[in-house]
Amino acid sequence: MNERIANAYRNGELVLLIGAGASLTSLDQNGKNLLSSKELAQRIAEESGWDYSGEPLPSVYAAAKKVLGDKLNDLIIGFYRHCRPSHEYLTVSKYSWPRIYTLNIDDALDKALFYSPQKVNIRRELRDVHK
């Protein structure tokens, strides 16, 4: 391990940023792999009654929001709430972090942190998906 990173961790100065790839080995509430952004875009398009032609998730989401309204939030919540954390998340949760930031909308990290040796306060920036 890089010595500067090791020292930052030992001094409680290392902050963790987790992106979308970190959740891919977690499971949804039905025991299936979480949807990738492409798979989510496809499911949203299908729910909206459209053929999916590989459009990026932000474009599909924005268009579907106009058609589906709050039903879109319910759809996404169904995919990403009550997840089972991956082995990687459970490993990360064994370590103490002054802060962990995640760009993910699933709750797998939250579940993993339940097993953390430290007391964890989870704070969110609420967006439509959490309403």
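All residue numbers refer to positions in the sequence shown, counting from 1.
- Minimum interatomic distance between Ser96 and Gln118 (heavy atoms only, all atoms of both residues): CA-NE2, 3.3 Å.
- Residue Asp51 qualifies as open at atom CG: its count of foreign heavy atoms under 6.0 Å is 12 or below.
- Residue Leu103 is not grouped with residue Tyr61 when hydrophobic side chains (ILVMFWY) are merged at heavy-atom distances under 4.5 angstrom, including chains of intermediate members.
- Hydrophobic clustering, with ILVMFWY side chains joined whenever heavy atoms are under 4.5 angstrom apart, keeps Leu24 apart from Ile18.
- Side chain of Asp106 to main chain of Arg81: no donor-acceptor pair is present (N/O by atom type, distance under 3.5 Å, no hydrogens or angles).
- Other residues, nucleotides and ligands contribute only 12 or fewer heavy atoms inside 6.0 Å of the CG atom of Asp70.
- Using a distance-only test at 3.5 Å, with no hydrogens or angles considered, a donor-acceptor pair links the side chain of Tyr52 to the main chain of Glu55.
- Judged by distance alone, with hydrogens and angles left aside, the side-chain atoms of Asp28 form a donor-acceptor pair with the main-chain N or O of Asn30 at under 3.5 Å.
- Panel note: side chain Tyr9, backbone Trp97; no donor-acceptor pair is recorded below 3.5 Å.
- Residues Gln29 and Gly78 come closest through the heavy atom pair NE2-O, 3.0 Å.
- Gln42 CD to Ser53 OG: the interatomic distance, rounded to the nearest 0.5 Å, is 10.0 Å.
- Nearest heavy atoms, Lys94 versus Pro117: O-CG, 3.5 Å.
- Of all heavy-atom pairs spanning Leu34 and Cys83, the tightest one is CD2-SG, 3.6 Å.
- Rounding to the nearest 0.5 Å gives a distance of 4.0 Å between CG of Leu40 and OH of Tyr80.
- Judged purely by atom type and a 3.5 angstrom limit, Glu47 has no side-chain atom pairing as donor or acceptor with the backbone of Leu72.
- Side-chain contact, Tyr89 with Thr25: no donor N or O sits under 3.5 Å from an acceptor N or O.
- Remark: side-chain polar atoms of Ser23 are not paired, donor with acceptor, to backbone N or O of Ser26 under 3.5 angstrom.
- Cluster membership check: Val120 does not share its hydrophobic cluster with Val15, using side-chain heavy-atom separations under 4.5 Å among Ile, Leu, Val, Met, Phe, Trp and Tyr.
- Ile100 is not connected to Leu90 by any chain of hydrophobic side-chain contacts under 4.5 Å among Ile, Leu, Val, Met, Phe, Trp and Tyr, and they are in different clusters.
- Remark: Leu109 CG to Leu16 CG distance equals 8.0 Å, nearest 0.5 Å.
- Expressed to the nearest 0.5 Å, how far NZ of Lys71 lies from CD1 of Ile44 amounts to 12.5 Å.
- At distances below 3.5 Å, not a single donor-acceptor pair connects side-chain atoms of Asn11 with backbone N or O atoms of Glu13.
- Under a 3.5 Å cut-off, the side chain of Ser93 and the backbone N or O of Ser116 do not form any donor-acceptor pair.
- For Arg10, the CZ atom is densely surrounded, since the number of other residues' heavy atoms within 6.0 Å is greater than 12.
- We find the CG-CZ distance between Asn121 and Arg99 to be 10.5 Å, quoted to the nearest 0.5 Å.
- To the nearest 0.5 angstrom, Asp107 atom CG is 13.5 Å from Phe114 atom CZ.
- Each of Val92 and Leu27 belongs to its own hydrophobic cluster when Ile, Leu, Val, Met, Phe, Trp and Tyr are linked at side-chain heavy-atom distances under 4.5 angstrom.
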